Protein chains: 2
Amino acid sequence: MESPKKLQDIKVAVDAVIFGYFDKKDLQILLIKRNIEPFKGGWALPGGLVLDDESVDDAVKRELYEEAGIRPDFLEQLYTFGNPGRDPRNRVVSVAYLGLVNPSYHELFADSDAEDAQWFSINKLPSLAFDHKIIIETALKRLRTKIQYQPIGFNLLNEEFPFSDLENLYKTIVGQEIDRRNFRKKIMSYGLLNETNNVKKEGSGRPGKLFTFNKEKYKELEEQGFYFEIK
Amino acid sequence: MESPKKLQDIKVAVDAVIFGYFDKKDLQILLIKRNIEPFKGGWALPGGLVLDDESVDDAVKRELYEEAGIRPDFLEQLYTFGNPGRDPRNRVVSVAYLGLVNPSYHELFADSDAEDAQWFSINKLPSLAFDHKIIIETALKRLRTKIQYQPIGFNLLNEEFPFSDLENLYKTIVGQEIDRRNFRKKIMSYGLLNETNNVKKEGSGRPGKLFTFNKEKYKELEEQGFYFEIK
DNA sequence: TCAAAAGTGTTGTGCGTACACCCATGA
DNA sequence: TCATGGGTGTACGCACAACACTTTTGA
């Protein structure tokens with residue numbers, strides 16, 4: 001390992017695919033508008049070069065906060081993209097992350113490197129800088145798989161939420177109908193939800209009870225090697 | 001992404017955790033003995049710096065071939081380790097890979113960067129350079145999880161193998177007893193094995209039929225979204 | 001004929017799936 | 001009273017788990 005035969009000229013960057021979910025809408029992805037070259041004026045994933053004295057994990061968190069004012073509720077490494085030619089200027093190896101936030105708790109803003117930060121529906125993405133399209137596809141695939149056996153989806157919901165929000169979220173992410181009764185039975189059987197005494201007020205129809213996610217219970221189940229299959 | 005505020009001084013490396021399985025033995029990992037500083041004389045994972053004009057995937061393959069004469073049957077990206085302080089000299093971000101080989105088809109040799117290349121039982125590992133212990137633990141965890149739902153284990157076996165080899169392999173990797181009858185029924189029900197007319201000659205006891213792995217069938221099942229649960 | 005490993009079936013049960021109607025609320 | 005969304009039970013079938021004896025071979 002690391003025999004410096006000749007000088008290496010590769011930069012290390014991070015990129016983040018941040019998913020957000022707005023009630024009753026498509027799944028959204030956070031993009032920033034670049035105001036520097038290359039791809040100036042184009043949309044791209046938030047990210048940037050890793051600093052010499054920070055860990056890769058810290059780099060993503062810093063960039064997300066700097067570029068969009070966001071601190072994700074869930075963030076994990078996705079994959080490292082390192083082909084030559086990804087970036088038209090230098091060779092850049094980028095460590096991509098997958099993150100989830102509840103957009104209603106995060107107001108977007110843009111800093112100096114980015115003119116603008118915005119949510120885009122995954123079904124209406126603009127054309128993207130670098131190989132960011134491929135990164136997003138990878139992230140979506142991972143999210144769809146992962147949400148079926150780990151209840152990470154709760155990170156996308158409000159602190160208190162009606163059961164139907166969870167239902168819609170799953171429908172949105174996996175992109176297919178689910179059986180409401182069976183889904184509810186399954187989730188409930190794990191004891192992952194705490195019932196509150198509150199009910200949803202907005203909207204028409206019968207108000208739904210609000211629930212909170214039981215993190216302690218989840219950790220307990222997770223340690224026992226817990227498999228959470230949907231549908 | 002990639003705003004060069006100041007000059008970054010980070011190197012990009014690859015490291016590989018290569019598992020090998022010898023009939024009736026523990027699971028093994030390939031290590032090389034370093035003959036350059038730092039950790040000269042110590043054991044480490046095969047790997048090295050990525051060249052400017054090669055992809056990260058190509059870099060691992062090259063290093064594995066150079067350092068140990070091995071071309072793995074299965075190789076996938078594992079995780080990227082990038083904390084400052086991993087390497088005592090420079091900041092190095094390392095993209096780790098997980099690979100499988102059948103050791104009986106690969107003769108090890110050592111090149112100039114490495115005095116020696118050897119298989120070590122995962123239960124008797126020497127002390128290791130850098131953070132390679134953590135990388136190995138990550139790889140083991142992934143292998144144990146992955147082998148339960150993707151039939152990657154076949155890469156560790158001979159072209160033709162008796163059913164008992166597969167049984168032992170699974171027992172070795174997941175580290176627990178499995179029900180022979182149920183395991184066989186399950187594997188057979190997927191039609192992943194082709195029966196040959198040969199039988200195992202060596203050893204005592206009743207000779208076992210030899211099988212080959214049906215790759216075409218596997219690909220077919222994989223496309224249908226196939227889940228392969230053991231035990 | 002003994003030791004060693006290969007090969008093989010049945011039964012119970014728990015879990016996932018399919019499926020449709022009533023309830024509470026606001027307009 | 002109507003429209004809207006929330007809340008709930010049952011029956012069936014299948015797939016998994018538990019379990020032990022017979023067969024083949026070489027020594």
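Here is how names work: the chains are called A, B, and so on, in the same order as the sequence lines, proteins then strands, and each is numbered from 1. As the structure is a prediction and not an experimental result, all values here were calculated from the model.
For D/dG6, the OP1/OP2 oxygens have no side-chain nitrogen or oxygen of A/Arg180 closer than 4.0 Å. Contact between the side-chain N/O atoms of B/Ser164 and the OP1/OP2 oxygens of C/dA5 is not found at any separation under 4.0 Å.
The base of C/dA18 lies outside donor-acceptor range of the side chain of A/Arg181, with no N or O pair under 3.5 Å.
The interatomic distance linking A/Phe163 (CZ) with C/dC23 (P) rounds to 21 Å, in whole Å. The distance between atom CG of B/Leu193 and atom P of C/dG7, rounded to the nearest whole Å, is 12 Å. Computed from coordinates, the A/Lys186 NZ to D/dT8 C1' distance equals 18 Å when rounded to whole Å. A/Glu167 has its CD atom 12 Å from the C1' atom of D/dT8, to the nearest Å. In this structure, B/Asn182 atom CG and C/dG7 atom C1' are separated by 14 Å, rounded to whole Å. Following rounding to the nearest Å, A/Glu195 (CD) and D/dG7 (C1') show an atom-to-atom distance of 11 Å. Atom CZ of A/Arg206 and atom C1' of C/dA24 are 5 Å apart (whole Å). Taking atom CG on A/Asp179 and atom P on C/dA18, their separation rounds to 8 Å, with Å as the unit.
The residue among B/Lys185 and A/Lys185 whose nearest nucleotide of DNA chain C lies closer to the 5′ end is B/Lys185. Each of A/Lys209 and B/Ser204 has a nearest nucleotide on DNA chain D; the 5'-most of these lies closest to A/Lys209.
Ring orientation note: the planes of A/Phe211 and A/Phe163 are nearly perpendicular, at an angle over 60° on the 30°/60° scale. The aromatic rings of B/Phe120 and B/Trp43 sit perpendicular to each other, their planes meeting at more than 60°, with 30° as the lower class boundary. Note: A/Phe22 and A/Trp119 have perpendicular aromatic rings, judged against thresholds of 30 and 60 degrees for the angle between ring planes.
Between the A/Asn83 side chain and the B/Ser55 main chain, no donor and acceptor come within less than 3.5 Å of each other.
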